[in-house]
Amino acid sequence: MSEATEPILPPHAITPERKLEALRHVNKRRASFAFFWEWAKIFTVSVTLFFVLRTFVVEAFKIPSGSMEGTLLVGDFLLVNKVVYGAEVPLTGRRLPALRKPTRGDVIVFEWPKDRTKNFVKRLVGLPGDTLAMRDAVLIRNGVALAEPYVSHSDSGADPVWEEFRWQSNFLVRTAGAAVAYHPSRNNWGPLVVPGGQYFVLGDNRDNSLDSRYWGFVPDSLLRGRPEVVYFSFSPDSSDDFAWLTHVRWMRLGERVH
């Protein structure tokens, strides 16, 4: 008997080994695509969620100046609640329903009416219809002098007069010759009436604050939210490039804003 020999296959015949290798190659490509697709979905959902939260719920804000010293410090990083006053819907000019209206004494974040690319943080001291005045640096609202324990003064010996204060004449409580004789200063001005749909704001550091005394009222449409908590804080006055690591104000982390 002649010896058995293996069949001779044509050069392009599909052997079991070739089938197995092809399946491995296809499965590898499918696994790679599935991995990429899963990460793409996670990334897309995460980015979408981030922008939704930032637009409608909460936003980070950094204190750039000392106008609120005594309450907030330069180098404080705040989480701003945008839900409380009703977040603005982008590109529509409309706002979501508010949880409550702004109240006297609220610390608020708003777009500066003179330059809406800049955000300011101040304390709301006057609502629509309120009559406001200041005498010797004491705020008077609706005829009552206020005790404001959060207020600080860094230049108590001076009371400068600035040309910017002249806008107040248009909102002055009218008496005979009042506007003609009106010469407002930083610590002595008014009485003014806050118009409808607008607010009057002051910095807690009354001697170092660019606020409503200088540039006017804040329309309610420019409100961004209310800062709730200091989530990070460091002293930026140092020449150290790593001050955000070496000059952290640990005791301020998690402090509520009042």
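Just so it is clear, the values below take in all heavy atoms, side chains as well, and ignore hydrogens, waters and symmetry mates.
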Side-chain donor or acceptor of Asp76 paired with backbone N/O of Val230 under 3.5 Å: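 Judged by distance alone, no pair lies under 3.5 Å.
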Given Asn187 and Asp207, is the side-chain contact (heavy atoms from CB on, under 4.5 Å) satisfied, shown in steps? CA-CA 9 Å; Asn187 299 331; Asp207 299 336; 4.1 Å; yes
I'd like to know if Glu228 pairs up with Arg256 as an ion pair, taking the criterion as any Lys NZ or Arg NE/NH1/NH2 lying under 4.0 Å from an Asp or Glu carboxylate oxygen.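 Yes, Glu228 and Arg256 are salt-bridged.
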Is it true that Asp130 and Asn142 share a donor-acceptor pair across their side chains at a distance under 3.5 Å? yes
Under the criterion ring-ring contact (aromatic ring centres under 6.0 Å, His included), which of Phe165, Trp167, Phe200 is the partner of Trp189?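 Option passing the ring-ring contact (aromatic ring centres under 6.0 Å, His included) with Trp189: Phe200.
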I'd like to know if the side chain of Trp215 reaches the main chain of Pro113, judged simply by a donor and an acceptor atom lying under 3.5 Å from each other, with no hydrogens or angles considered. no
Ring centroid separation Phe61 to Phe77 under 6.0 Å: no
Side chains of Ile108 and Val121: closer than 4.5 Å at any heavy-atom pair?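 SC-SC contact between Ile108 and Val121 ruled out.
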To the nearest 0.5 Å, what is the distance between OG (Ser221) and CZ (Arg116)? 6.0 Å
Set of ring-ring contact (aromatic ring centres under 6.0 Å, His included) partners for Tyr199, sequence neighbours left out: none
Look up atom CH2 in Trp250 and atom CZ in Phe232, then write down how far apart they are to the nearest 0.5 Å. 7.0 Å
Are Phe110 and Val257 linked, directly or through other ILVMFWY residues, by side chains that come within less than 4.5 angstrom of each other? no
Check against side-chain hydrogen bond (donor to acceptor under 3.5 Å, both in side chains), Asn208 and Ser154: CA-CA 7 Å; Asn208 183 29; Ser154 57; 5.3 Å; no
Separation of Thr131 OG1 from Arg141 CZ (nearest 0.5 Å):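 It is 11.5 Å, given to the nearest 0.5 Å.
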What's the verdict on side-chain contact (heavy atoms from CB on, under 4.5 Å) for Val107 and Met68, showing C-alpha distance, side-chain angles and the deciding distance? CA-CA 10 Å; Val107 177; Met68 289 293 289; 4.1 Å; yes
Taking Arg123 first and then Glu148, would you say they form a salt bridge - that is, a charged N and a carboxylate O separated by under 4.0 Å? no
Are Val218 and Leu223 side-chain neighbours, meaning at least one heavy-atom pair lies under 4.5 Å?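 Yes, at least one pair of side-chain atoms sits under 4.5 Å.
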Check: Leu172 and Leu192 side chains under 4.5 Å, non-hydrogen atoms: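 The answer is yes, as the side chains (C-beta and beyond) meet within the 4.5 Å cut-off.
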Locate the shortest heavy-atom distance separating Ser212 from Gly216; write the atom from each residue and the value. OG-O, 2.7 Å
Hey, what do you get for CH2 (Trp112) to CG (Asp211), rounding to the nearest 0.5 Å?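 With rounding to 0.5 Å, CH2 (Trp112) is 11.5 Å from CG (Asp211).
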With rounding to the nearest 0.5 angstrom, report the CZ to NZ distance, Arg224 to Lys82. 4.5 Å
Hydrogens and angles aside, do Thr117 and Asp115 bring a side-chain donor and acceptor to less than 3.5 Å of each other?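 Distance-only check passes for Thr117 and Asp115.
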Group every Ile, Leu, Val, Met, Phe, Trp and Tyr by side-chain heavy-atom contacts under 4.5 Å, then state whether Tyr85 and Val201 land in the same group.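 Linked within one cluster.
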When you measure from the side chain of Tyr182 to the backbone of Gly190, do you find a donor-acceptor pair of N or O atoms at a distance under 3.5 Å?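 Here the side-chain-to-backbone pair exists.
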Using distance alone, with no hydrogens and no angle criterion, decide if Asn205 and Ser67 have a side-chain donor and acceptor under 3.5 Å apart. no
Do Arg213 and Trp162 have side chains that approach each other closer than 4.5 Å (heavy atoms only, starting at C-beta)?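 SC-SC contact between Arg213 and Trp162 ruled out.
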I'd like to know whether Met134 forms a side-chain contact (heavy atoms from CB on, under 4.5 Å) with Leu202, so could you lay out the CA-CA distance, the side-chain angles of the two residues, the decisive distance to 0.1 Å, and finally the verdict. CA-CA 11 Å; Met134 187 171 282; Leu202 294 174; 4.1 Å; yes
Intermediate values then yes/no, side-chain contact (heavy atoms from CB on, under 4.5 Å), Ile140 and Leu146: CA-CA 6 Å; Ile140 301 170; Leu146 304 181; over 6 Å; no
For the atom pair OH (Tyr231) and CG (Leu79), what is the distance rounded to the nearest 0.5 Å?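 That separation rounds to 6.0 Å.
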Please examine the side chains of Glu59 and Val109, heavy atoms only from C-beta on, and report whether any two atoms are closer than 4.5 Å. no
Would the distance check show the side chain of Ser185 and the main-chain N or O of Val161 forming a donor-acceptor pair, the cut-off being under 3.5 Å?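 Judged by distance alone, no pair lies under 3.5 Å.
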Check whether any side-chain N or O of Arg249 sits under 3.5 Å from a backbone N or O of Phe234 as a donor-acceptor pair, and report yes or no. yes
Residue pair Glu111 / Asn119, side-chain heavy-atom distance below 4.5 Å: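 Yes. Closest side-chain heavy atoms under 4.5 Å.
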Decide yes or no for Val193 and Val173: does some side-chain heavy atom of the first lie under 4.5 Å from some side-chain heavy atom of the second? yes
Can you find a heavy atom in the side chain of Arg100 that is under 4.5 Å from one in the side chain of Asp106? yes
